[in-house]
Asks: 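Before I ask anything, let me first share the structure, which is written out below as structure tokens.
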Amino acid sequence: MYTRILIPLDGSETAEKVLPCARLLSRCLNLPVELLSVIPIATMASYVAAERARHLDGVIAKQEYRSRRYLENIARDFPGSAVKCTVKRGNAAEAVIESAAVDK
């Protein structure tokens with residue numbers, strides 16, 4: 001049947017509204033949880049001026065660090081559940097579909 005609960009988060013209050021239900025489901029069904037955040041590289045690159053493009057790798061690395069810390073903080077609120085924190089680069093919709101398709 002179900003093997004895990006995938007929770008895509010973007011840092012917004014709207015996305016976080018699913019967390020109470022996800023906590024309950026993971027506890028009641030004894031399912032592991034995967035928290036997912038996606039760094040939209042193409043979107044970020046489109047806002048960087050050409051002369052500052054050399055700094056893009058540093059900006060992306062900083063965003064990945066922040067996203068990982070954010071997910072780890074959320075993971076603390078899932079006591080008794082196995083929680084995996086994943087940060088991916090790319091298009092958010094594609095990353096969510098790809099992550100959901102993987103049977104872990």
Asks: Is there a side-chain contact between E34 and I7, using heavy atoms and a 4.5 Å cut-off?
Replies: no
Asks: Does some side-chain heavy atom of R27 sit less than 4.5 Å from a side-chain heavy atom of L24?
Replies: yes
Asks: Are L36 and V38 side-chain neighbours, meaning at least one heavy-atom pair lies under 4.5 Å?
Replies: yes
Asks: Main chain of C85, side chain of R68: is a donor-acceptor contact present, judged purely on distance under 3.5 Å?
Replies: yes
Asks: Compare every heavy atom of F78 with every heavy atom of S26, then report the nearest pair and how far apart it is.
Replies: OG-CD2, 3.7 Å
Asks: Within a strict 4.5 Å, meaning less than it, do heavy atoms of the I39 and S67 side chains meet?
Replies: yes
Asks: What distance do Y70 atom OH and Q63 atom CD have between them, rounded to the nearest 0.5 Å?
Replies: 11.5 Å
Asks: Quick check on the hydrophobic clustering: are V18 and L35 connected, directly or via other members, by side-chain heavy-atom contacts under 4.5 Å?
Replies: yes
Asks: For the pair R4 and K84, evaluate side chain to side chain contact (heavy atoms under 4.5 Å, CB included) and give the outcome as yes or no after the intermediate values.
Replies: CA-CA 10 Å; R4 69 179 159 53; K84 177 182 177 184; over 6 Å; no
Asks: With side chain to side chain contact (heavy atoms under 4.5 Å, CB included) as the test, would you mind laying out the steps for R69 and N73 before giving the verdict?
Replies: CA-CA 6 Å; R69 296 291 305 229; N73 188 44; over 6 Å; no
Asks: Quick one: closest heavy-atom pair of L6 and A100, and the distance?
Replies: CD2-N, 3.6 Å
Asks: Given the rule that I, L, V, M, F, W and Y join up when any side-chain heavy atoms are under 4.5 Å apart, are I74 and L31 in one cluster?
Replies: yes
Asks: Closest heavy-atom contact between L9 and A15?
Replies: CD2-O, 3.7 Å
Asks: Under 4.5 Å between side-chain heavy atoms, hopping through other hydrophobics if needed: is there a path connecting V87 to V33?
Replies: yes
Asks: Do any N or O atoms from the side chain of S99 and from the backbone of V96 form a donor-acceptor pair under 3.5 angstrom?
Replies: no
